[in-house]
Amino acid sequence: MPTLTNAQIAAALDELGDLNELDGAIIHRVVAYRNGAKAVRDASVSVATLAVAGRATELPGIGATLQEKIVALAETGTIPAAEKLRAKFPAGLVEITRLPGLGPKRARLLYDELGIDSLESLRAAVASQRLRELKGFGPKAEENIAAGLDAGAAEKSGTRVLLDRALAIGEPIVAALRDHPASERVELAGSARRWADSVKDLDIIATARDPAALAAALGDLEIVESVQATGEAGGRATTHSGMSVDLKIVAPEQFGNLLQHFSGSREHNMALRDAAVRRGLHVSEYGVLDDSDGVTHTCETEAEVYALLGMEYIEPELRENRGELAAAANGGDGLPDLVEEKHLRGDLHCHTTLSDGTASIEEMAAAALERGYTYLAITDHSASHGFGDDVPPAALERQIERVHAANAAIDGIELLAGSEVNIMPDGSLDYDDDLLARLDWVIASVHTSFNMSDQRMTDRVITAIEHPWVDAIGHLTGRKIGTRPGYAIDVEAVIAAAAGNQTMIEINANPNRRDIDDVHARATAAAGVPVLINSDAHSPGGFAVARYGIATARRGWLGKKDIANTRTQKQFSAMRKRARNRR
DNA sequence: GCCGTTTTCGGCCCGACTGTTTTCAGTCG
């Protein structure tokens with residue numbers, strides 16, 4: 001089967017989009033390539049396999065032509081059209097379009113008129129002031145391009161920070177603005193509101209009795225380092241941590257339009273407006289213009305915006321153009337009833353001082369109880385873990401006794417004696433079966449040997465899934481958001497194996513991981529695999545990250561029924577035993 | 001290049017900003 005990953009296909013389609021844009025193709029063709037790339041990126045199955053079977057056209061945005069190109073890439077390793085265009089335009093030209101202020105049109109002009117084909121030759125042309133000879137370029141353009149080159153080039157967009165850091169800044173700001181006497185409504189918008197993995201800057205939308213006073217209040221916050229501009233319409237500030245915060249203050253009757261617009265995603269809004277145009281409506285941040293009467297309808301709430309388009313309200317986490325618009329439309333399948341943090345009744349992955357945690361069994365149990373949980377698995381690392389955090393078999397035996405004693409001593413919560421067992425490179429586990437059989441709960445994870453082939457890694461994890469005493473798989477892909485991609489693994493095959501064995505798959509809620517991700521979570525639940533939302537807490541405060549796991553589940557369209565640890569203690573216990581009996 | 005409760009052909013999101021212009025193209029989010 002093809003070893004071509006969806007990420008590789010998406011990159012190839014994006015490149016075709018870039019090259020076609022340089023070639024002067026109509027923008028709609030370019031957009032079609034980029035839409036195709038997104039569809040491939042969001043697909044939860046192997047698109048190469050799908051394309052070879054002639055079924056990739058089932059994906060939205062993939063037609064016969066793109067499918068043909070994907071098949072060529074899978075079978076020959078290259079796409080003829082891309083080869084031709086690459087011969088026509090030097091690779092440096094695409095780099096030039098990444099500079100701020102330089103798009104395909106102007107980059108092409110630089111190439112055609114001055115022969116500029118790399119960042120180096122561009123720098124030389126700027127230095128000799130040759131750019132200003134060109135139509136449409138002036139001294140200002142030269143200056144801006146020079147600044148872009150000096151800024152290290154290739155950095156059109158700023159750096160992103162993890163969602164937990166962004167919310168640690170955004171939530172207190174929103175709370176403070178809500179407390180201000182001049183404010184009425186204050187909501188966080190943007191990717192933070194959609195609970196994306198990471199965030200570039202913060203958008204806040206507000207209405208106010210006294211807009212100027214509220215805008216001024218933003219600048220007065222202790223967390224704010226500097227203010228760029230404030231006035232009746234809001235303001236922009238930078239926090240001491242370097243986060244840019246944009247406050248927009250709007251009339252109450254337009255609050256729904258603005259909040260909808262600035263909550264995004266970009267792709268969701270584009271698809272929304274596209275759907276609106278077909279009904280003779282034009283959506284913008286200012287309102288919904290109706291062609292039939294020329295009236296712009298403003299909306300106090302987002303629900304009104306969607307209602308005008310014949311849609312039910314769409315939760316922010318779903319706004320990624322992954323089918324939510326069709327589902328929300330009249331006559332669509334409807335949107336899922338999403339899981340909420342209050343539905344969680346237990347946690348099946350946490351650590352104590354036995355391995356690398358900072359608290360005792362009792363302290364972790366108390367923290368779980370405080371959150372209203374009725375069951376908790378204590379899952380320290382296993383025999384081969386290393387870093388001095390390994391738990392030899394004899395130590396695990398003593399731990400089982402301690403957990404069971406604590407369970408007897410503490411009311412209101414069932415403590416499961418468990419382990420987070422390492423999956424060895426050959427798929428075996430690092431305790432023997434007799435010891436594993438004595439545990440109430442086993443979650444198996446990969447912690448070593450990440451650089452295996454896709455096939456070997458897949459076999460490794462599937463071997464663990466089929467193990468009779470393995471209840472669940474932890475942080476399946478090993479990704480660290482923004483720093484390390486997941487290792488090569490066929491998630492689709494793993495999900496199928498988990499479905500066959502009723503082995504649960506965790507959403508690790510740590511904001512660095514959120515592993516599995518939203519797209520895989522959706523596929524996992526669709527395959528009938530019970531999904532867990534686990535904190536992987538290493539301290540009593542660590543349980544609080546559950547909300548990021550909930551967010552990933554919601555972004556994956558999951559409801560309460562899809563999440564195993566929303567079950568009562570009795571139901572969960574029965575579920576776990578049924579699954580063990582099947583294996 | 002994709003797609004269809006006006007279409008298998010003719011459409012294809014919306015507005016702001018910038019620098020260059022004398023009415024606007026290109027870029028950006």
Side-chain angles (χ1 to χ4, degrees), chain A residues 13-14 16-17 19-40 56-70 79 81-82 96-110 131-145 147-148 155-158 189-191 199-201 203 229 233 236 244 246 248 254 257-258 260-289 291-292 296 305 309-311 321 325-326 329-332:
Chain A
L13 296 182
D14 273 330
L16 270 171
L19 290 170
N20 269 285
E21 197 172 30
L22 279 173
D23 200 30
I26 57 161
I27 190 64
H28 305 109
R29 182 195 283 184
V30 175
V31 167
Y33 277 112
R34 292 184 181 149
N35 286 342
K38 175 180 153 52
V40 171
T57 52
E58 291 170 17
L59 297 171
I62 305 286
T65 308
L66 259 59
Q67 171 162 277
E68 192 184 306
K69 289 179 162 56
I70 294 167
I79 300 172
I96 287 173
T97 67
R98 307 266 185 257
L99 288 169
L102 281 179
K105 292 283 186 348
R106 307 181 87 197
R108 181 68 191 277
L109 195 68
L110 294 175
L131 257 49
R132 60 184 67 181
E133 303 161 9
L134 297 178
K135 187 170 151 63
F137 284 80
K140 196 79 190 171
E142 259 176 12
E143 204 177 295
N144 290 340
I145 289 166
E155 275 296 316
K156 223 168 208 172
S157 54
S191 48
V199 169
K200 191 158 75 79
D201 45 30
D203 289 308
R236 171 168 293 164
S244 174
D246 215 344
K248 292 185 175 63
Q254 278 185 328
N257 301 107
L258 220 76
Q260 195 287 320
H261 176 81
F262 281 100
S263 292
S265 66
R266 187 179 149 74
E267 288 77 12
H268 172 86
N269 284 350
M270 285 173 66
L272 181 81
R273 290 182 216 136
D274 186 58
V277 166
R278 282 189 229 116
R279 301 170 142 257
L281 300 168
H282 302 273
V283 178
S284 78
E285 59 265 55
Y286 304 112
V288 180
L289 168 65
D291 276 343
S292 66
T296 297
V305 178
L309 304 178
M311 295 175 189
N321 194 25
L325 293 167
N330 273 336

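These values consider heavy atoms only, across backbone and side chains, with no hydrogens, waters or symmetry-generated copies. A, B, ... follow the sequence lines: proteins, then strands. Residue 1 opens every chain.
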Nucleotide [N], atom [atom2] - distance to [atom1] of [X] in whole Å:
X	N	atom1	atom2	value
Asn269(A)	dG29(B)	CG	C1'	11 Å
Leu258(A)	dG15(B)	CG	C1'	12 Å
Lys135(A)	dT21(B)	NZ	P	7 Å
Arg279(A)	dT6(B)	CZ	P	9 Å
Met270(A)	dC14(B)	CE	P	11 Å
Arg236(A)	dC17(B)	CZ	C1'	12 Å
Leu109(A)	dG19(B)	CG	P	18 Å
Tyr33(A)	dC3(B)	OH	P	14 Å

Problem set entry | Test side chain to side chain contact (heavy atoms under 4.5 Å, CB included) applied to His261(A) and Ser284(A), step by step | CA-CA 7 Å; His261(A) 176 81; Ser284(A) 78; 6.0 Å; no
Problem set entry | Stepwise side chain to side chain contact (heavy atoms under 4.5 Å, CB included) check, Leu110(A) with Phe137(A) | CA-CA 10 Å; Leu110(A) 294 175; Phe137(A) 284 80; 4.0 Å; yes
Can you check the distance between [N] and [M], where both ends of the measurement are the [atom1] atom (answer in whole Å)?
N	M	atom1	value
dC2(B)	dT7(B)	C1'	13 Å
dG11(B)	dA16(B)	C1'	25 Å
dT21(B)	dG26(B)	C1'	13 Å
dT23(B)	dG29(B)	P	29 Å
dC9(B)	dC14(B)	C1'	25 Å
dG1(B)	dT5(B)	C1'	24 Å
dC3(B)	dT8(B)	P	16 Å
dT20(B)	dC28(B)	P	15 Å

Heavy atoms only, 4.0 Å cut-off, all strands: where does [X] land among base, sugar-phosphate and nothing?
X	answer
Asn35(A)	nothing
His261(A)	nothing
Ile26(A)	base
Val31(A)	nothing
Arg106(A)	sugar-phosphate

Side chain of [X] - closest among [options]:
X	options	answer
Ser284(A)	dG15(B), dC12(B), dG1(B)	dG15(B)
Lys105(A)	dC2(B), dG15(B), dG26(B)	dG26(B)
Pro104(A)	dG19(B), dG15(B), dT27(B)	dT27(B)
Arg266(A)	dA16(B), dG29(B), dG19(B)	dG29(B)

Exercise. Taking for each residue the nucleotide of DNA chain B with the nearest heavy atom, is it Leu66(A) or Lys140(A) whose nucleotide lies nearer the 5' end?
Worked result: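 Nearest-nucleotide comparison on DNA chain B picks Leu66(A).
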Exercise. In terms of the nearest nucleotide of DNA chain B, which residue is placed more toward the 5' end: Pro139(A) or Val277(A)?
Worked result: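 Of the two residues, Val277(A) wins.
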For this session: Look up atom CG in Leu16(A) and atom CZ in Arg29(A), then write down how far apart they are to the nearest 0.5 Å.
Result: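 With rounding to 0.5 Å, CG (Leu16(A)) is 10.0 Å from CZ (Arg29(A)).
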For this session: Measure the shortest side-chain to side-chain distance between Tyr286(A) and Gln254(A) over non-hydrogen atoms and say whether it is less than 4.5 angstrom.
Result: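 Result yes, sub-4.5 Å side-chain heavy-atom pair found.
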For this session: Might you work through the side chain to side chain contact (heavy atoms under 4.5 Å, CB included) test for Asp246(A) and Phe262(A), ending with a clear yes or no?
Result: CA-CA 11 Å; Asp246(A) 215 344; Phe262(A) 281 100; over 6 Å; no
Exercise. Should the heavy atoms of other residues, nucleotides or ligands under 6.0 Å from CZ of Arg108(A) be counted, would the total exceed 12?
Worked result: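 Result for CZ/Arg108(A): enclosed.
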For this session: Ignoring backbone atoms, establish whether His282(A) has a side-chain N or O less than 4.0 Å from OP1 or OP2 of dC14(B).
Result: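 Yes.
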Problem set entry | Derivation and outcome, side chain to side chain contact (heavy atoms under 4.5 Å, CB included), residues Asn144(A) and Lys140(A) | CA-CA 6 Å; Asn144(A) 290 340; Lys140(A) 196 79 190 171; 4.1 Å; yes
Problem set entry | Identified pairing partner of dC2(B), criterion: Watson-Crick or G-U wobble below 3.5 Å |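 Partner of dC2(B): dG11(B).
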